[in-house]
Amino acid sequence: MNIDHRIAAGLLLKEVPKKHMKEIHFQANGKSIFLSSITEEKLVSEDKFDMFQHWIEETVINLPSYETLLEVLEAEGNIV
């Protein structure tokens with residue numbers, strides 16, 4: 001799997017203990033946007049399947065180009 005290094009540099013994995021979740025955000029230019037989340041319950045529900053890896057791969061594969069991410073970030077991103 002190839003990913004634009006600029007996108008990879010902006011990906012941020014966050015733990016959300018109160019919601020028992022993990023989230024992936026994209027961060028650049030002082031702003032952040034939410035991309036995806038998964039519950040800890042879902043991560044451990046599949047015995048012989050690495051759901052964490054699958055979740056990350058699916059999130060990254062479905063991302064738009066870096067330029068499009070920056071446009072969305074500018075329009076809808078939260079200041080960090």
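All residue numbers refer to positions in the sequence shown, counting from 1.
Not a single ring pair (Phe, Tyr, Trp, His ring centres under 6.0 Å) links H20 to another residue, sequence neighbours left out.
With rounding to the nearest 0.5 Å, the separation of CD1 in I38 from CD in E41 is 10.5 Å. Atom OG1 of T59 sits about 9.0 Å away from atom CG of L11, to the nearest 0.5 Å. Separation of atoms CG (L43) and NE2 (H54) is listed at 11.0 Å; rounding is to 0.5 Å. One distance of note links CD of E58 with CG of L63; it measures 11.0 Å at 0.5 Å rounding.
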Residues E67, R6; criterion side chain to side chain contact (heavy atoms under 4.5 Å, CB included); working and verdict: CA-CA 10 Å; E67 291 75 17; R6 299 169 297 176; 3.5 Å; yes
Test log, rule salt bridge (charged side-chain N to carboxylate O under 4.0 Å, His left out), inputs E40 and K19: CA-CA 9 Å; E40 291 176 10; K19 295 182 180 179; over 6 Å; no
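Between the side chain of T68 and the main chain of P64, no donor-acceptor pair closer than 3.5 Å is present.
V80 and I7 end up in different hydrophobic clusters when Ile, Leu, Val, Met, Phe, Trp and Tyr side chains are linked at under 4.5 Å. In the hydrophobic clustering of ILVMFWY residues, with side-chain heavy atoms under 4.5 Å counting as a link, M51 and L13 come out together. Neither L12 nor I61 shares a network with the other; the hydrophobic side chains, linked directly or stepwise wherever heavy atoms of I, L, V, M, F, W or Y lie under 4.5 Å apart, form separate groups for each. I79 and V72 fall into different hydrophobic clusters, where Ile, Leu, Val, Met, Phe, Trp and Tyr side chains are chained together by heavy-atom contacts under 4.5 Å. Y66 and I56 fall within the same hydrophobic cluster, where Ile, Leu, Val, Met, Phe, Trp and Tyr residues are linked whenever their side-chain heavy atoms come under 4.5 Å apart, directly or through other members.
For the pair K14/K22, no side-chain contact is recorded, criterion being any heavy-atom separation below 4.5 Å from C-beta on. Here the side chains of V60 and L35 are not in contact, with every heavy-atom distance at 4.5 Å or above.
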Below 3.5 Å, can you tabulate the donor-acceptor pairs from side chains in residues 24-34 to any protein atom, sequence neighbours excluded?
residue : atom : partner : partner atom : Å
H25     : NE2  : E23     : OE1          : 2.8
K31     : NZ   : E74     : O            : 3.1

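In terms of heavy atoms, W55 sits closest to S36 at NE1-OG, 2.7 Å.
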